[in-house]
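Each remark here refers to the structure printed beneath this line.
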Amino acid sequence: MKVLLIGSGGREHALAWKIAQSSLLTKMYAAPGNPGIAEFAELVNPDDIVKFAQEKNIDLVVIGPEAPLVNGLVDALEFAGIKAFGCKKDAAQIEGSKIFAKQLMKKYNIPTAKFEVFDNPDAAKNYIRSEGAPIVIKADGLAAGKGVIVAQDLDAAINAVDEMKNFGAAGSKIVVEEFMNGEEASILAFTDGETIIPMIAAQDHKRLNDGDSGVNTGGMGAYAPAPVITEKVAALANEKILKPIIAALRAEGIIYRGCLYAGLMIVNGEPKVVEFNARFGDPETQAVLPLLNSDLLEIMLSCANGDLAKQEINWSEGAAVCVVLASGGYPKAYKKNLPITGIETAKKQGAIIFHAGTAEIDGQIVTSGGRVLGVTALDKDIKSAIDKAYKFVGEIHFENMHYRRDIAARALKTCSAD
Ligand code: AMP
Ligand code: GLY
């Protein structure tokens, strides 16, 4: 099978790494890819993805990021008779519009925070004053992960309403929602629009610094499995959230195919939806896919073909920890083109290194993005995987490298509290 992978981050490197293990694969292209992905795929940058896929007789296009999904790439590919792993534009609204997602959950009784929608800032402010803080203010549309403000007091909440203007059209409508107090986890799931099969649950670390301090980022590390998703919570998530949302979409005439990401808050043992994403998580994927024993390409093909029910998906018994190495200054301005050393040494010791923001200049790998590398370690349990991951991280250097020292530390607390 010939595969074309769309995207260029750490998530896409993890997808390429796993797809490359498939016995079905004959050739992989990546558009635009990155220097890590180049180990498994020919990097290309066509102006017209659909035309390229037709010319190269691509059997499956795998789409990493949300923007091409929301913009209808899968619709265009299907129209041209090309199969894709990823959802169509109508389904991608689940991530592309918070209002669409919240109203769907409300209509079909899927547990989530209470909310109201506003297009008038004064009405939003009046509602906030009547509800009190803490409270959460969200831009409706895609805002590069920055459109959510968790306000601890009333002043911050009122200011947040005004800040929504900075997101342009994405912030012209806003959602004000109840603050949920609990522990977060991410469940990614494969679905063909009928059957939905959850992957091993993961936990992201969104804040920049140790102890969940500092600003929100794209994600500074992840691990799986997440002990907060006990068997009981997983069963509740499956019966009350995953299966119902796929059925709800179907009832609305929308067939969701691809990966559905449920961001959950576990409140007193009950999972509630924080958000849905229409794609794999980043960096959750870099911790989850290394635990997958089954053939990813076979599963993706079944999602596209609508026969996922026939797949039996197997997972490894162990644990995976992914530590993100970021450029000093991220998520604000940072230097680029700084040489990175130690990648090969860490790989020889067993590290799985995923490139996120790197470039290659004259054979030297250099930094080129905010999140530079994801360093994943696999071991029999979380504790051993943490130790291994930080040993690997110790091999890697670049100027101003920043990373969290406490990735997965919460898992140890959750385990010892049991
Ligand atoms: P989102 O982009 O919707 O995932 O929101 C970003 C982050 O804001 C989430 O990962 C949570 O940490 C936090 N958040 C969003 N909604 C809520 C909520 N209703 N209660 C508490 N925290 C929230
Ligand atoms: N790790 C958060 C996300 O992928 O949205």
Side-chain angles (χ1 to χ4, degrees), residues 7 9-12 14-15 64-67 69-70 92 94-102 105-106 111-116 128 131 133-152 156-157 160 164 167 170-171 174-188 199 201-208 212-224 226 228 259-267 270-289 322 324 326 331 354 356 370-371 374 404 407 410:
R11 165 184 53 208
E12 286 76 23
L15 289 167
E66 62 277 15
L69 299 169
V70 171
I94 201 145
E95 172 165 6
S97 165
K98 303 248 184 235
I99 297 174
F100 172 82
K102 293 294 289 190
M105 286 186 265
K106 188 172 177 184
T112 189
K114 182 181 103 170
F115 71 101
E116 289 292 334
I128 288 169
E131 288 291 308
I135 195 157
V136 183
I137 293 91
K138 300 183 173 185
D140 175 44
L142 290 181
K146 299 184 184 101
V148 173
I149 297 176
V150 179
Q152 294 302 334
M164 290 295 143
F167 301 117
I174 61 175
V175 176
V176 179
E177 73 176 44
E178 168 202 2
F179 173 78
M180 296 186 285
N181 198 4
E183 188 171 339
E184 280 184 79
S186 313
I187 299 186
L188 317 184
M199 300 178 217
Q203 198 167 49
D204 186 11
H205 297 63
K206 290 208 163 89
R207 301 296 197 99
L208 183 63
D212 291 327
S213 63
V215 292
N216 263 327
T217 69
M220 294 300 294
Y223 68 92
V228 64
C259 176
L260 177 71
Y261 168 131
L264 304 177
M265 188 75 80
I266 317 308
V267 185
E270 304 267 340
K272 291 184 171 193
V273 177
V274 177
E275 62 165 348
F276 285 112
N277 291 320
R279 49 164 176 86
F280 283 91
D282 190 341
E284 288 94 329
T285 306
Q286 293 89 306
V288 170
L289 288 186
C322 173
V324 169
F354 295 119
R371 291 188 292 170
R404 279 182 61 161
I407 300 303
R410 191 187 279 131

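Whatever order the structure lists them in is the order used to number ligands and atoms, beginning at 1. The analysis underlying the following values was restricted to heavy atoms, covering all of them including side chains, and did not include hydrogens, waters or symmetry mates.
- The shortest non-hydrogen separation linking Met180 to Met265 is O-CE, 3.5 Å.
- Glu177 pairs with exactly one of Lys98, Lys138, Lys114 by the side chain to side chain donor-acceptor pair (under 3.5 Å) rule, that one being Lys138.
- Counting the atoms of ligand 1 from 1 in the order shown, those under 4.0 Å from a heavy atom of Val150 are 8 (O), 13 (C), 14 (N).
- Of the listed options Val148, Val136, Ile135, Val148 places a heavy atom closest to atom 7 (C) of ligand 1.
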Pair Glu66-Asn277, side-chain contact (heavy atoms from CB on, under 4.5 Å): steps then yes or no: CA-CA 8 Å; Glu66 62 277 15; Asn277 291 320; over 6 Å; no
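- Across every non-hydrogen atom of Glu12 and Gly64, the tightest pair is OE2-CA, 3.1 Å.
- Heavy-atom proximity to Met265, at under 4.0 Å, picks out these atoms of ligand 1: 21 (C), 22 (N).
- Scanning Glu184, Lys138, Glu178, Met180 for the heavy atom closest to atom 12 (O) of ligand 1 points to Glu184.
- For the atom pair OH (Tyr261) and CD1 (Ile94), the distance works out to 13.5 Å, reported to the nearest 0.5 Å.
- Against a heavy-atom cut-off of under 4.0 Å, Lys206 is close to the following atoms of ligand 1: 10 (O).
- His205 places no side-chain N or O within donor-acceptor distance of the main-chain N or O of Ile407, the cut-off being under 3.5 Å.
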Output, or 'none' if empty, a list of ligand 2-protein atom pairs in which both atoms are N or O and the distance is under 3.5 Å, rounded to 0.1 Å.
from: ligand 2; atom 1: 1 (N); to: Asp204; atom 2: OD2; distance (Å): 2.8
from: ligand 2; atom 1: 1 (N); to: Asp282; atom 2: O; distance (Å): 2.9
from: ligand 2; atom 1: 1 (N); to: Glu284; atom 2: OE1; distance (Å): 2.8
from: ligand 2; atom 1: 1 (N); to: Glu284; atom 2: OE2; distance (Å): 3.3
from: ligand 2; atom 1: 4 (O); to: Arg279; atom 2: NH1; distance (Å): 3.0
from: ligand 2; atom 1: 4 (O); to: Asp282; atom 2: N; distance (Å): 2.9
from: ligand 2; atom 1: 5 (O); to: Asn277; atom 2: ND2; distance (Å): 3.4
from: ligand 2; atom 1: 5 (O); to: Arg279; atom 2: NH2; distance (Å): 2.9

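- Within the 4.0 Å heavy-atom criterion, neither part of Asn216 lies near ligand 1.
- A distance-only check finds no donor-acceptor pair linking the side chain of Arg371 to the backbone of Thr217 [under 3.5 Å].
- When atom types are taken as modelled, the side chain of Gln203 and the backbone of Glu184 share a donor-acceptor pair closer than 3.5 angstrom.
- Only side-chain heavy atoms of Glu177 come within less than 4.0 Å of ligand 1; its backbone N, CA, C and O stay farther off.
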Worked verdict on Thr112 versus Lys102 for side-chain contact (heavy atoms from CB on, under 4.5 Å): CA-CA 8 Å; Thr112 189; Lys102 293 294 289 190; 3.0 Å; yes
